[in-house]
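Structure, as structure tokens:
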Amino acid sequence: GLDRGAKGQISTLCGFASSVSQKKEATENKSSPIHLVSPNIKNVRDLPPICLDVRQKQRIPIDTLPSEMKAPVLTEPILPIQPKTMKDFQEDVEKAKPSGDWKTVHDFYLTTFDSFPGLNAIFKKDATASFNTIEDSGINAKFVNAVYDALLNTPQDIQKTVLKGIINSLLREWKGPRTKDDLRAYFILLQNPQFNNTSTYVIYAHLLRQTATLVEADHHFLVHWFKKLSQKRFKQLVERLLQFISLRLFPAKPEEFPPIAKCSWWIPSASKVLALLNTANNLVDPPLIPYTDFYNSTLDHIDLMEEYHTWQSFGNSHSRFSFCQYPFVISIAAKKIIIQRDSEQQMISIARQSLVDKVSRRQRPDMNMLFLNMKVRRTHLVSDSLDEMFTYHKDSHCHWFSSFKCDNYSEFRLVGILMGLAVYNSITLDIRFPPCCYKKLLSPPIVPSDQNTPVGICSVAIDDLCQIMPELAHGLTELLSYEGNVEEDFYSTFQVFQEEFGIIKSYNLKPGGDKIPVTNQNRKEYVQLYTDFLINKSIYKQFAAFYYGFHSVCASNALMLLRPEEVEILVCGSPELDMHALQRSTQYDGYAKTDLTIRYFWDVVLGFPLDLQKKLLHFTTGSDRVPVGGMADLNFKISKNETSTNWLPVAHTCFNQLCLPPYKSKKDLKQKLIIGISNSEGFGLE
């Protein structure tokens, strides 16, 4: 049920709602045109919370309240007969525009938004049906959209009437658990575009709080209803909530809102509702919006380390709020900073403790422990390369772990260390692992204290295999859709074969697999076990060494805040190029940005197709991806090369520097630049 505060906490809000009703009735009794007296929104912000925190279970019996404060006790609501259809409503709006007579439209909004039953009566597809399923909210979404799209173009008195109606709806006393009609009402109200305006934030905050404090089962329904929204409406919901959080943190006009101490529940409530939308987005394939659309860049300007330490101390409990409880709103740039600082602090702490232990035992401290010491065999560069430790799949253009068994997996650990160092030092690596590799790196995100606990094992599907071995994945997909007799036509068993150093070895996917035929009935199990074998089991020792190497450098609990896609961006950079941003941040040595050669250069580069822009980036920086901080973090520099204009451009990838001769024409510059970036290989031409 809806928790209530003390008697004094309710009186102000109920009295306000009562005065609104009296003024409304007085106005309706007049024969003159309707001029509703709207609530003073500035006074609304001073009202106490409608409901207490979800952890407070105290409740005031309605019998103890004076009669003027009692709200009607609603039993199972009986919905009124739907008075309007969407077509009727749209016709009423079109008639009101030229005539200026909005009474019919006003009455519609008044009866619709004054109560939860009113919302259901209008927007429910069938007022007599329950629609108690997670997949169908039973709401006429087109009608809801039409009503909200028209609302912002109606006279102000109608818009204020809707807000007063929402206040009345939120004030109603409810007995027992929420009905599905209540959930539908919350679902409809959250889509109200009026909540983009900061003057409505007090009402919006109470709506968010009531939605956030619903029980988990009710949230389950809302999540599945949210995922059925159109991309446009879904994105509007997300952006509205992000704006609400940002303006509460950094208000343009602080006097618009109550003091932060009196509304500390605003941001936690909004974050919880935002979490429901994030969950809904993750249930859809492909997602309704990119996961990056949930980032709130405003959070880059708060003390994130304090947020992180609060989360470390209190976890996901409700006793203390931290944005780290909702990591999907924290940008990848902010997460990178948290990981770097936390890893550094943990390494210093471990080193300090080790030194103290040595001194306490009167042993000589080993200063090498303060550094990461690696030996690179310059005479064995080829044997130490990725191609010798890993298998390159041409179809997917990525490296994957070789399943060959060996006695020493230290080289896999070395590559993991190098990847960890790249993250720790903000260095972008030109390395191609499939996305599932980063999912395995976060399985689990923190190294288990028990060394017998498996690491690098994650749930996989055929889509993951397609990222590594697309041809094999295609064959398995064909097996799943085969309409004939699988057992007789394929003659396969739950046994697979792999070649290792010229020797064919067999592996059972399950006990006795060599004697279990693959049939139409068990082929799904076969495909799942085969996929798991290829991605998890057959390379377990190799990947475990790689996992421990990576986490030996990135030893931060902040890894729990990351998605696999974000780990990939930290290692390899982002594939999204913004050459205009690169132009704005470029430094010059020997040239000025107004020089003719530089103007030619940017005219040419900005006109390049994406593949040539990537080649230019790879030519000058060693990678065709952008670091987490964006193009500005590249520290890109163009230097004047005082040589013949017959020469090609030269790059120093260690410094992200392009040495450009002073070409006299745009045509000559374009020709030489394309030749240089298209044919370079290492330290020379291909």
Side-chain angles (χ1 to χ4, degrees), residues 235 289-290 292-293 295 297 300 331-333 336 397 426-432 565 568-686:
K235 188 169 185 177
I289 60 176
T292 52
D293 283 0
Y295 288 165
S297 57
D300 295 352
S331 70
I332 181 63
K336 182 189 76 171
H397 305 290
S426 300
I427 296 173
T428 301
L429 294 181
D430 185 22
I431 189 172
R432 293 292 181 268
E565 301 94 326
E568 181 177 12
I569 291 175
L570 287 176
V571 173
C572 305
S574 170
E576 303 296 327
L577 303 189
D578 184 351
M579 302 307 285
H580 290 282
L582 182 64
Q583 182 185 18
R584 290 191 297 270
S585 61
T586 296
Q587 304 170 26
Y588 300 96
D589 179 18
Y591 283 117
K593 64 180 179 181
T594 55
D595 287 350
L596 194 60
T597 302
I598 297 301
R599 296 209 305 268
Y600 287 157
F601 174 81
W602 288 115
D603 285 346
V604 168
V605 170
L606 294 177
F608 273 167
L610 181 61
D611 64 323
L612 283 180
Q613 289 179 345
K614 287 189 172 184
K615 285 182 178 180
L616 171 65
L617 202 63
H618 190 276
F619 176 73
T620 54
T621 69
S623 172
D624 62 2
R625 289 182 163 229
V626 184
V628 169
M631 289 293 197
D633 275 12
L634 281 174
N635 296 318
F636 185 67
K637 179 185 286 188
I638 299 179
S639 298
K640 191 171 187 178
N641 194 355
E642 297 287 1
T643 58
S644 168
T645 54
N646 293 325
W647 283 38
L648 297 175
V650 176
H652 301 293
T653 56
C654 294
F655 306 104
N656 296 341
Q657 183 180 20
L658 177 66
C659 298
L660 200 64
Y663 299 113
K664 301 302 181 183
S665 70
K666 184 190 297 186
K667 180 180 179 182
D668 190 28
L669 185 149
K670 182 177 182 179
Q671 181 185 27
K672 297 288 198 309
L673 187 61
I674 291 177
I675 292 174
I677 66 178
S678 300
N679 297 279
S680 65
E681 178 68 21
F683 295 97
L685 290 178
E686 191 175 32

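Worth knowing before you read on, the calculation uses all heavy atoms, side chains too, and leaves out hydrogens, waters and symmetry mates.
Here the closest heavy-atom approach between residue P627 and residue L634 is recorded as CD-CD2, 3.6 Å. Scanning all heavy atoms of the two residues, the minimum distance from L660 to Y663 falls at CD1-CE1, 4.0 Å. When all heavy atoms of A651 and T620 are compared, the pair lying nearest together is CB-CA, 3.8 Å. Taking both residues in full, the closest heavy atoms of F608 and Q613 are given as O-NE2, 3.4 Å, listed atom of the first, atom of the second, then distance. Between L612 and S678, the shortest heavy-atom contact is CD2-OG, 4.0 Å.
Other residues, nucleotides and ligands contribute over 12 non-hydrogen atoms within 6.0 Å of the NZ atom of K336. The number of heavy atoms from other shown groups lying within 6.0 Å of NE2 (H652) is above 12. In the displayed structure, K672 atom NZ is contacted under 6.0 Å by more than 12 heavy atoms of other residues, nucleotides or ligands.
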Evaluation steps, side-chain contact (heavy atoms from CB on, under 4.5 Å), between T292 and I332: CA-CA 9 Å; T292 52; I332 181 63; over 6 Å; no

Give the intermediate values and the outcome of side-chain contact (heavy atoms from CB on, under 4.5 Å) for residues L582 and V605. CA-CA 11 Å; L582 182 64; V605 170; 6.0 Å; no

Take V628 and D633, measure what side-chain contact (heavy atoms from CB on, under 4.5 Å) needs, and give me the verdict at the end. CA-CA 8 Å; V628 169; D633 275 12; 5.9 Å; no

Worked verdict on T597 versus K640 for side-chain contact (heavy atoms from CB on, under 4.5 Å): CA-CA 10 Å; T597 302; K640 191 171 187 178; over 6 Å; no

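Judged as a salt bridge (charged side-chain N to carboxylate O under 4.0 Å, His left out), not a single pair has a partner in residues 573-592 (not counting sequence neighbours). Legend: salt bridge (charged side-chain N to carboxylate O under 4.0 Å, His left out) pairs involving residues 591-618, not counting sequence neighbours, sorted by first then second residue: D603-K666.
In this structure P575 satisfies the side chain to side chain contact (heavy atoms under 4.5 Å, CB included) test together with R625, sequence neighbours excluded. Under the rule for a side chain to side chain contact (heavy atoms under 4.5 Å, CB included), the partners of N635 that lie at least two apart in sequence or sit in another chain are Q587. The side chain to side chain contact (heavy atoms under 4.5 Å, CB included) check on T643 picks up N641, W647, P661, with sequence neighbours excluded. For A632, the side chain to side chain contact (heavy atoms under 4.5 Å, CB included) test picks out S585, with sequence neighbours left out.
Between I675 and the options L673, I677, N679, a side-chain contact (heavy atoms from CB on, under 4.5 Å) holds for only N679.
Here CD1 of I598 is found 6.0 Å from OH of Y591. Values are rounded to the nearest 0.5 Å. The CD atom of E568 lies 8.0 Å from the CD atom of E565; values are rounded to the nearest 0.5 Å. Note that CG of L648 and SG of C659 are 13.0 Å apart. Values are rounded to the nearest 0.5 Å. T428 OG1 to I569 CD1: the interatomic distance, rounded to the nearest 0.5 Å, is 11.0 Å. Between the OG1 atom in T586 and the NZ atom in K637 there is a gap of 11.5 Å [rounded to 0.5 Å]. Rounding to the nearest 0.5 Å gives a distance of 5.0 Å between OH of Y588 and CD1 of I638.
With a 4.5 Å cut-off on side-chain heavy atoms, V650 and Q657 do not count as touching. At least one side-chain heavy atom of C572 sits under 4.5 Å from a side-chain heavy atom of I431. Side-chain contact between H580 and Q583: present, with at least one pair of heavy atoms (C-beta onward) separated by less than 4.5 Å.
Judged by distance alone, the side chains of D668 and T645 never bring a donor and an acceptor atom under 3.5 Å apart.
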